[in-house]
Asks: 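Handing you this structure, nothing more for now.
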Amino acid sequence: MGVLYHGADYNPDQWLTRPEILEQDIDFMKKAGVNCVSLGIFAWATLEPSEGNYNLDWMEEIIDKLWAAGVHIDLATPSGARPAWMAEKYPEVRRVNADRIRQLFGERHNHCYTSPVYREKVCAINQMLASRFGRHPAVIMWHISNEYGGECHCELCQKAFRKWLKEKYGTIDAVNKAWNAKFWSHEYRDFDQIESPAPHGEHSVHGLKLDWKRFVSYQTIDFMKWERDCIREIVPEAKVCVNMMYHYDGIDYFEQAKDIDLASWDSYPTWHKPGEPLWETALDTALMHDLYYSVKKQPFWLMESTPSYTNWQRVSKPKRPGVQLLTSLQAIAHGSDSVMYFQWRQSQGASEKFHGAVVSHDCREDNRVFRETCDVGAALKAMAEVAGTGKEKQAAIVMDWSNKWALEDSQGPRNIGMGFWQEMQRHYNGLAQNGVSIDFVHPQEALDGYKLVVCPLVYMMSEEFTLRLREYVKNGGTLVVTYWSGVVNETDLVWLYDSPHNLTDVLGVRRLEVDGMFDGEKRACRAVCAGLPETAQGSVLCEVAALEGATPLMVYDEEFYAGAPAVSVNEFGEGKAYYVATRFEKDFYKALYKTVGEGVLESVYPYETEEGVLATRRGEYVFLQNFNDHPAKAGEWTLEKYQTLVLKQTQDGYEKVF
Ligand code: GLA
Ligand code: ZN
């Protein structure tokens, strides 16, 4: 029988002088069905109050008590925040900003990942923890650091960057060529002349900026591997995870996922946003759940979420009654094997004192948040059999951090923003509203098994990737490619000749021009086929393409490009390739993917469902969730407001699990 984990970030180092609080914690954890906590994430100053003087006894006592109460430990390395003594004695551990100013002590997540001193100190504390607790039966996972991110421009990092470039390119001439450095005479004669991008230095060579981002991601992952390997020197079988973030741009999470055992993420949607139905916020969250399932193509953990308020948002809103259960189970529906919160108990002071937590300042078990957390605990227990089940391959959306970096850094065609995530979200929602299972794939991943591959704003395409897309369609796959795709190669040099590169015959169109649109500017389009909305509005970029064999489905209806394809389809080999020349309004995509999916995609729950009811599937389990604040129908079922129904598919229908 599987286990779904339920718990929180647990920071008892804030309460060591209050034994009655620690006692209540254990009692309340039992009541809430807690079976796992992430322990000691920011506890370094308590674990090592002065250099080399370790104090781990308190942690041992707590681990033993937790284990006696049936609580597993996701043991944290404390490298997310360093003690003051270290920042004072070893300035090199403190990050240097892009303007080359070194930070003072304070805050968190701001260390130099290259600094040998920092690495040595981190290794020492990690090994102390590993020797002492690494084989404790309660410890099932290591929470490596916390939300890795940011970048450092110190001299040590500059040297590491140059070394990385040398390994990548071999010669300085190869660097100049890759970056088109002849432009403005920005050629380098020696690797030592290269500096990271700076506001008072180089910030116009896109190849340099792109490689800097890749290096920062590489160096962060290298640091993570260092932490992991220090632990594994003591406990070779130690399992590790990291917690990833919403829309985070600084790390290529596909790369990072290769070096961990479990992916997890911290989810803080703005539920109850005025003017946005809950189901729409839910789809935004669902995209991230599916992304973090996809980085390893295996179940992930919801590492953090709030049971009530998120105090760093513009306005803090408590989740409405029932919404904690609904949104927690949404993570499970998308492939999480846990529901964890930040944090277990509200802090008494400092910046997160008004952040929601399982135990509120009133320390009462009749508190609504606590009671609803108990409901989640009971629900997870009741549906534990879904743990470990995976998702079916249907549609794949291409996601590549390098592409995003290059796309957003480019000057033109739209410096007011390309809206990368908005574009992704439209395709995601269109598929999700048709009940399709969605994965994200990196361009280097195999596409086999997917019925549909979507390339939204895949501006950067390597030769190799374009050739694989050709093969994919030729062999019967269905492909959707949007405007501004296949424009540059992997070092951001524009592909010469016909574009989208290597895909003009696959798509049956050839890019001619791109009309950048101001915010709010719209371009009328009309359908020339059945199934798509009769009229729609293009925005953001209106790409103008020549039809070279494709059949238009929508055309522009105004401007000098009236009649040019806004959506088209082309048969190529055994497959089909769709081209979407602009960004349409949100509603358009449900219809688009109904058309694209006809005879190609299967719905996870092929029955009529009301708007606001979202269906997903893991293994043989179908989750139906009603994000409406009123009852709604899904097939033969009527769901109460905010209800989740978990069904198991059997030979003769569905059996209710929850
Ligand atoms: C992040 C951090 C936590 C906490 C929460 C608050 O996810 O990892 O330490 O600050 O945000 O929302
Ligand atoms: Zn540095």
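Whatever order the structure lists them in is the order used to number ligands and atoms, beginning at 1. The residues of the chain are indexed from 1 along the displayed sequence.
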Asks: Can you check the angle at the Zn ion (ligand 2) formed by SG of Cys152 and SG of Cys154? Round it to the nearest 10°.
Replies: 110°
Asks: His109: which residues meet the ring-ring contact (aromatic ring centres under 6.0 Å, His included) condition with it, sequence neighbours left out?
Replies: Phe42
Asks: Is the distance between the Zn ion (ligand 2) and the nearest N/O/S atom of Cys112 smaller than 2.8 Å?
Replies: yes
Asks: I'd like to know if Arg100 and Glu195 make a salt bridge, using a cut-off of under 4.0 Å between side-chain N and carboxylate O.
Replies: yes
Asks: Output yes when Arg214 and Asp211 qualify as a salt bridge under the 4.0 Å nitrogen-oxygen rule, no when they do not.
Replies: yes
Asks: In sequence, state the C-alpha distance, the side-chain angles, and the governing distance for Asp57 and Arg132, and then conclude on salt bridge (Lys or Arg N to Asp or Glu O under 4.0 Å).
Replies: CA-CA 10 Å; Asp57 293 349; Arg132 188 87 174 252; 2.6 Å; yes
Asks: Does any N or O in the side chain of Arg102 come within less than 3.5 Å of the main-chain N or O of Pro91, such that one atom is a donor and the other an acceptor?
Replies: yes
Asks: Under 4.0 Å between a side-chain nitrogen and a carboxylate oxygen: does that hold for Arg618 and Asp337?
Replies: yes
Asks: Should the heavy atoms of other residues, nucleotides or ligands under 6.0 Å from CD of Glu276 be counted, would the total exceed 12?
Replies: yes
Asks: Taking only heavy atoms of the protein into account, state which residues are under 4.0 angstrom from an atom of ligand 1, in chain and number order.
Replies: Phe42, Arg108, Asn146, Glu147, Asp266, Tyr268, Glu304, Trp312, Phe342, Glu352, His355
